[in-house]
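Taking it in order: structure first as structure tokens, then the write-up.
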Amino acid sequence: MPGNAHNIDRPSAGAITGQFGRNQQTPDYLRGLNEEQREAVLSTDGPLLVLAGAGTGKTRVLTTRIAHILTTKRAWPSEILSVTFTNKAAREMKERIGHLVGAGVEGMPWLGTFHSIGARILRRHAELVDLKSDFTILDTDDQIRLIKQLLDAENIDEKRWPARQLAGMMDTWKNRGLGPEDVSPADSGSYANGRGARLYAAYQNRLKVLNAADFGDLLLLNIKIFKEYPDVLAYYHGKFKYMLVDEYQDSNVAQYLWLRLLAQGKPASQANICVVGDDDQSIYGWRGAEVDNILRFEKDFPGAKVIKLERNYRSTSNILKAASTLIAFNEGRLGKTLQTDVGETGEPVSVTSVWDSEEEARTVGDEIENYQRQGETLNSMAILVRASFQMREFEERFITLGLNYRVIGGPRFYERKEIRDAIAYLRVVANPSDGLSFERIVNTPKRGLGDSTVQMLHNTSRSANVSLLAATRMLLETEELKPKQRSTLRELVSQFDNWSSRLQSLPHYELAEQILDESGYTAMWQADKSPDSPGRLENLKELVRSMEEFETLGGFLEHISLVMDRDTAEAEDAVSIMTLHSAKGLEFDTVFLPGWEEGLFPSQRTMDESGRAGLEEERRLAYVGITRARKRARLSVAQNRRIHGLWQSAIPSRFLDELPPEAVDVKDTGSSYGGYGYGGGATSRFNKADPFESVYETPGWQRARAQQSNRKGGGPLTIEGDLVARSVDLGGDRSAFGIGERVFHLKFGYGAISDIEGNKLTIDFEKAGRKKVLESFIKKG
DNA sequence: TCGCCCTATATAAGG
DNA sequence: TATAGGGCGA
């Protein structure tokens, strides 16, 4: 990395380097940092905001700063609170700090995610909020099941008011730091006629009874404790001498409140809090993140030092220019200008217009093979998509080509059905009062215990106010259960007793294996003939294997609910396919960015829901995408795309019009029938006096507008085909067309209708083959 | 209670 | 198009 230790004796740096003494050597860990990075590392005391643009060495600054604090003995490892959002980031930091300070300093017990640290604090003080320190952490699945029970008890039609929706609302409230008492019926008016708030309260009560907390509670209950028990808060004030926060732009209100409370040990102007982030990379607004947190840091902590890292060590100047020009269309930025330190203009950013998403996948595949032939590794290339449904076409193409790829993201290891089932067994063994887990597996594998039996267990559990397992024991003593169910349950209960007793004598991973065998769970998948069952069995083995790394069953269960994420084996050379969101923080030589079409990117749904703010977040996402590239960014637009099986025509994304023409190379694969291809709209904006105004007059934008107004009139559609399809269906099933009729389609040309479902027509086109399209795209031939 | 068939639905995703 | 979940019949 450039930026050698050239400035150590310069007067400007003298003040901060003075602490090492005139003749002392600069510590190793400071070598190779540029001036701003070094200042960020050395400004240990007082509030500090580090605005770190993409590729400017953010993680390096954070880890070096910690190393510096440790080496200069300003604090012990246990006195530094350092929070990240993801386990991956936390792991990476631990590793890098280890490298910097050597193995001498063990631990950093308070380096972790918001949630793992929150859980740690909550376990210590659980009794203050009516929990026991061994409370279980509910995952999304448990949460939904619990809500369904509540809805059932309240006689709310789950069809009309889906449990997911309420879960989403409660998540939003918790992200904003609102407990049930802070939510008014008016806030929840959109759910079950304003009963949302009451359900929220009922949900929280159930959690207490179950001795459980969900992810939101981990922070919310911390805040509650800090507010109500000043002595507890004071303890942490004394404990944490330094606080560091990574990706601050992603923090939500609850996290913000949590941090503020912890920072209150000193006057705001002297708090040793350092936050690092990039407002231009805030892409999680839909998850509750408040960009505002970072924008207002200087107000929260008066006198805060602000350091901008603007030297980019990643991308060529063409790539940076494209990204910077694009992001400049956003308002309300703190404003940074990235300067390349790579020193190369590099290839222009390419924009390719293709006929449809199939051609897009073909083109990308070809290009990848070309680069591969030139000696580049597949590991150095990635495809970043806006929505996961875009991935499939690439996967299919790559399978045909025999091109190695890996999908990053997707369902995570512990979210798999088989893993959750196995964990449910283990949870009941570790904690027999865990009713949700017990319910999950009473009839898995199938034991002939259906809804009515489970219902009976629930009733007894509720009326006797005991756990589900205890209720089961009670029922076994009565005549209420049918003989068959009774003997099955008796068998199951005695199995659990048996397993629990073995917990003392056996290593927990051996016990786990026995549980899976004896319960018949393994056998269930062995008997299963579906193609993914071998994989599931493999996952179960992996689970047992991973248990060996833990001392106790309890330790393992804590880990699995908070930490376990999917292993991304990087041994093999493979192209990465992932969403733009999961690409944040990564970099590749070559980045393919397909699907730059209005409605898909920027996403229509985001714009509908969040308007201008939504559009700006989409633009930041585009910025994140482009800045992942070191050498090449290759964007593409498809003129036609299949969404949920229906072909729809699309217009180029307005973001393409916002790229600087001098850094962009526009290509057309020539397979368009003219008219709609992306024809270098990037030039038009530069004829206008004010680029910020005129962006909405670019061809892409105008086409989008035209499309939108047409929609109401029943004209051509962009993405809402399904909606319209339904309303037309209501008018009867008759179509203006008949089977066998010759028709014309603006894109696909002439063809004959082979099937009609409502207003969806299947047509065999003479040139384009068989497609399913909406009737409104078709004219009589 | 099980299992099949039909239909409703479809971003992004961290802990 | 693909899948998941609910309803209903055996």
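Lettering follows sequence order; numbering is per chain, from 1.
- Distances shorter than 4.0 Å separate some side-chain N or O of Lys148(A) from OP1 or OP2 on dG6(C).
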Could you go step by step and tell me if Asn293(A) and Ser251(A) meet the side chain to side chain donor-acceptor pair (under 3.5 Å) rule? CA-CA 7 Å; Asn293(A) 289 350; Ser251(A) 61; 2.9 Å; yes
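- Going from atom CZ of Arg605(A) over to atom C1' of dA13(B) covers 13 Å, rounded to whole Å.
- Between Lys58(A) and Asp278(A), no side-chain nitrogen of the basic residue sits less than 4.0 Å from a carboxylate oxygen of the acidic one, so the salt-bridge criterion is not met.
- One finds no side-chain N or O of Thr579(A) lying less than 4.0 angstrom from the OP1 or OP2 phosphate oxygen of dT11(B).
- Per the geometry, CD belonging to Glu396(A) stands 12 Å off C1' belonging to dA2(C), to the nearest Å.
- Looking at the side chain of His644(A), the nearest of the listed nucleotides dG6(C), dA10(B), dT11(B) is dA10(B).
- At a cut-off of 3.5 Å, with distance as the only test, a side-chain donor of Asp214(A) or Tyr203(A) sits close to an acceptor on the other residue.
- Sequence order on DNA chain B of the closest nucleotides to Gln255(A) and Lys446(A) puts Lys446(A) first from the 5' end.
- At the phosphate of dA13(B), OP1 or OP2 sits under 4.0 Å from a side-chain N or O atom of Ser582(A).
- Put simply, NZ on Lys417(A) is 12 Å from C1' on dA4(C), counting in whole angstrom units.
- Within the nucleic acid shown, Phe85(A) comes within 4.0 Å of sugar-phosphate atoms alone, with no base atom in reach, counting heavy atoms only.
- Two residues, Asp171(A) and Arg447(A), neighbour DNA chain B, and the one matched to the more 5' nucleotide by heavy-atom proximity is Arg447(A).
- Atoms CG (Leu481(A)) and C1' (dT1(B)) sit 15 Å apart, rounded to a whole Å.
- Asp250(A) comes within 4.0 angstrom of nothing in the nucleic acid, heavy atoms only.
- Between Asn87(A) and dG15(B) there is a side-chain polar atom (N or O) within less than 4.0 angstrom of OP1 or OP2.
- When each of dG6(C), dG15(B), dA12(B) is scored by its nearest atom to the side-chain atoms of Leu562(A), the top-ranked nucleotide is dG15(B).
- Donor-acceptor pairing under 3.5 Å, judged by distance alone, is absent between the side chain of Arg287(A) and the base of dA12(B).
- A close approach under 4.0 Å does not occur between any side-chain nitrogen or oxygen of Ser561(A) and OP1 or OP2 of dG15(B).
- The CD atom of Glu154(A) sits 13.0 Å away from atom CD1 of Ile147(A), with the distance rounded to the nearest 0.5 Å.
- Leu621(A) places its CG atom 16 Å from the P atom of dT11(B), with the value rounded to the nearest Å.
- The aromatic rings of Trp596(A) and Phe655(A) sit perpendicular, their planes meeting at an angle over 60°, well past the 30° parallel limit.
- Taking the side chain of Thr453(A) as heavy atoms from C-beta on, and the options dT1(B), dA12(B), dG14(B), the nearest nucleotide is dT1(B).
- Among the nucleotides dG6(C), dA12(B), dT1(C), the one closest to the side chain of Arg392(A) is dT1(C).
- Contact annotation: Asn252(A) does not reach the phosphate of dG14(B) (side-chain N/O to OP1 or OP2, under 4.0 Å).
- One atom, CD of Gln143(A), and another, C1' of dG14(B), lie 13 Å apart when rounded to the nearest Å.
- Ion pairing of Asp142(A) with Arg427(A) is present here, as a side-chain N (NZ or NE/NH1/NH2) and a carboxylate O approach within less than 4.0 Å.
- Taking the ring centre of Trp355(A) as origin, the terminal cationic atom of Arg362(A) falls outside the region bounded by 6.0 Å and 45° from the ring axis.
- Within 3.5 Å, no donor on the side chain of Arg642(A) pairs with an acceptor on the base of dT1(C), nor the reverse.
- Taking the side chain of Tyr284(A) as heavy atoms from C-beta on, and the options dT11(B), dG15(B), dA13(B), the nearest nucleotide is dA13(B).
- Across all strands, Gln390(A) comes closer than 4.0 Å to no nucleic acid atom at all (heavy-atom distances).
- Ser452(A) comes within 4.0 angstrom of sugar-phosphate atoms only, judged by non-hydrogen atoms across all strands, and of no base.
- Taking atom CZ on Phe413(A) and atom P on dG14(B), their separation rounds to 16 Å, with Å as the unit.
- Nearest nucleotide to the Asn443(A) side chain, out of dC2(B), dT1(B), dG14(B): dC2(B).
- Ile283(A) has its CD1 atom 9 Å from the P atom of dA13(B), to the nearest Å.
- In a base pair of the Watson-Crick type (N1 to N3 plus N6-O4 or O6-N4) or a G-U wobble (N1-O2 and O6-N3), with each distance short of 3.5 Å, dT11(B) is matched with no nucleotide.
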